[in-house]
Protein chains: 2
Amino acid sequence: MGFVPEVSSVPARSAVVPARRALPGAPFLVAARGERPGRVPVWFMRQAGRSLPEYRALREGVPMLDACFDPEMLAEITLQPVRRHHVDAAVLFSDIVVPLKAAGVEIDIVPGTGPVVDRPVRDAAAVRALPALEPEQVAKVAEGVGLLVDRLGETPLIGFAGAPFTLASYLIEGGPSRNHEHTKALMHSEPRLWHDLAGRLADVAVTFLRAQLDAGADAIQLFDSWAGALSERDYREFVLPHSTRVLEAVAAYRVPRFHFGVGTGELLVAMRDACADVVGVDWRVPLDEAVRRLGGEAVVQGNLDPALLHASWPVLEAEVRRIVEEGRAARGHIFNLGHGVLPGVDPDVLTRVVELVHSL
Amino acid sequence: MGFVPEVSSVPARSAVVPARRALPGAPFLVAARGERPGRVPVWFMRQAGRSLPEYRALREGVPMLDACFDPEMLAEITLQPVRRHHVDAAVLFSDIVVPLKAAGVEIDIVPGTGPVVDRPVRDAAAVRALPALEPEQVAKVAEGVGLLVDRLGETPLIGFAGAPFTLASYLIEGGPSRNHEHTKALMHSEPRLWHDLAGRLADVAVTFLRAQLDAGADAIQLFDSWAGALSERDYREFVLPHSTRVLEAVAAYRVPRFHFGVGTGELLVAMRDACADVVGVDWRVPLDEAVRRLGGEAVVQGNLDPALLHASWPVLEAEVRRIVEEGRAARGHIFNLGHGVLPGVDPDVLTRVVELVHSL
């Protein structure tokens, strides 16, 4: 029995959305539309952050969530990897819990652990008490996006939101979880409560994405980091309706919508079915095989194993060349990692990967 | 270019192995041979351990690795879930690092963290310094197996070893790792060193499994817990030759050889190709789909999501029934979880699952 999401509490938008910047030649946007750009575009998940010494210097003494709400700081951090690596897109420096924090959820990011929630959300009262996100609560983020659009020139900016399942897992488990047992138990045992919670989190994601798009973001990526913990059956029943609603709710902006989770080889088609224009693929599935699963018209993003940034250059070069070749099976391919940049990576290696991808 | 393992330092066995116990009617062994048992057999990975109050009482104040080398204690812990749940097989209470500890590697199990290695193994000197395992170093484990074979009656005992990749990851990373970046970098950048290390760890696994089989174990399972972190390409090049050698080296015992890792949907065929008789499947791939990938003659084990042991009984009952139905697509099916029992599970739920599986 399929779940039909209720009408969202977030007002529907008409087609009246801000005029987009015209970036007709940006390889990232050309590839995302499924056309052939002059070069294979490349960016890296978590390119803004821990791997860069200029980031560590700027963040020194500043808690993560403070940085995410400081327009000048988040703009500068977002720009750093663009200047250094010459990647084809900037991705907003943020965290998937930023809109929850903005809405007033008692959540913090503990260094070395990740997001930690004071009171896990496991019953109807807690779900009902979850505050909605108002656009003005993320005005600082939108302000940062505005600064970025001015400063980025011809480089597109990717907006960013966590998907309902991954947000729900943090709230229900109380923090990062290997097994997501409380989340899975709740979705199966109390499906109405689950859909209520996931629907509210979809609203949060929609409001957060629209704030970024209204401020000028050129694309968006919905991160469902932990979706790969689910079987396709469970994903389709409990998660797909909500992620679909998020991506549909920003359709009028006519920007490419990216959708990514790690370990999602079994879910690629389902994640595309959530109205995604581009599907992110981790390193476990070769891109040509991902295209086979998705059908020939797929636009894909990926899929270098981030661990291999620690390998020797000849190994890494061969991997990059293989991935670019495999990506030619797709209608469009945006080169990326199969997950985020790991801390401790030599940033010069990232720069060299960008140069190599651009040369192929 | 395929890797051909060198001749093992572990002496090859002739076909002269101890006469097996005759357990012709044990449903677990019947299903593992691909024949039709009178009922669907069931056991649970990590059935012996944290979920049982009688286990927690017995272990109180006893470090994990001490318990693993105490014949009476490991036998009693192994028996506890058989008595309580009436599962169709016992699995030796042990840990994948037990043979490394026995060989003299400085490794310990830190509660809440997992195995921690004093000095990570990352260069040729460290690999060369890795001690081989001598059978007498696991004599206490073998003694425990002997006690178990006497006490288990008609219930088969599954022997246990960690696979070379997973053991190598602990040694190279220095402990549990989410990304295995040093392991992957080493295998790609220094393939000779990798194959040397993995070959030594294969020898360790062979010696450990033979000690258990010589003492009377009725089946074995090779746990490659983290193999799912690898692409199939990397698995086949760097891991498959070594795991194959382990499973081939115990072929003469003519016991069923199980092979399991979590998140291995892309690797099921490769893991079967490692001379496995039974392939373990996690919850991400339905058993009928696993059988489709493996070919109709497959014998499979799995695949209830352990998180769902926390769900309500009607949900759990429906899941168990679905899995038993899907398992009928296989030539043989042993019911199990898709990963180990999580701490905090109500043991009565496990007992009820066994009753239900046996009734279907």
Query raised in the report: Which one of E181(A), H180(A), E190(A) has the most heavy-atom pairs closer than 4.5 Å to chain B?
Result: E181(A)
Report task. Kindly give the heavy-atom pair with the smallest separation between A307(A) and A185(B), and that separation in Å. Result -> O-CB, 4.4 Å
Query raised in the report: Which heavy-atom pair separates A229(A) from W283(B) by the least distance, and what is that distance?
Result: O-NE1, 2.8 Å
Requested in this report: Determine the option with the most heavy-atom pairs under 4.5 angstrom with chain B, choosing from P306(A), G344(A), G228(A), P286(A).
Outcome: G228(A)
Query raised in the report: Less than 4.5 Å apart, any side-chain heavy atom of E266(A) and any of E266(B)?
Result: yes
**Report entry** R46(A), CZ atom: more than 12 neighbouring heavy atoms under 6.0 Å
**Finding:** no
Query raised in the report: Can K184(B) and E319(A) be said to form a salt bridge (Lys or Arg N to Asp or Glu O under 4.0 Å), step by step?
Result: CA-CA 13 Å; K184(B) 290 176 175 179; E319(A) 286 289 302; over 6 Å; no
Report task. Tell me, yes or no, whether the heavy-atom count around R50(B) atom CZ, taken from other residues, nucleotides or ligands under 6.0 Å, exceeds 12. Result -> yes
Query raised in the report: By a 4.5 Å heavy-atom criterion (distance strictly below it), what part of L186(A) contacts chain B: side chain, backbone, both, or neither?
Result: neither
Query raised in the report: L230(B) versus chain A, heavy atoms under 4.5 Å apart: side chain, backbone, both or neither?
Result: backbone
Requested in this report: Supply the atom-to-atom distance R178(B) CZ to H339(A) NE2, rounded to the nearest 0.5 angstrom.
Outcome: 7.5 Å
Query raised in the report: Can R284(A) and E232(B) be said to form a side-chain contact (heavy atoms from CB on, under 4.5 Å), step by step?
Result: CA-CA 7 Å; R284(A) 292 171 176 89; E232(B) 184 182 359; over 6 Å; no
Query raised in the report: When you look at CZ of R56(A), are more than 12 heavy atoms from neighbouring residues, nucleotides or ligands closer to it than 6.0 Å?
Result: yes
**Report entry** Structural part of D305(A) lying under 4.5 Å from a heavy atom of chain B
**Finding:** side chain
Query raised in the report: Which distance, rounded to the nearest 0.5 Å, do you find between the NE2 of H310(A) and the CG of N179(B)?
Result: 8.0 Å
Requested in this report: Output the distance between atom OG (S231(A)) and atom CG (L308(B)), rounded to the nearest 0.5 Å.
Outcome: 8.5 Å
Query raised in the report: Considering all heavy atoms of both residues, which atom of S312(A) and which atom of S189(B) are nearest to each other, and what is their separation?
Result: N-OG, 2.8 Å
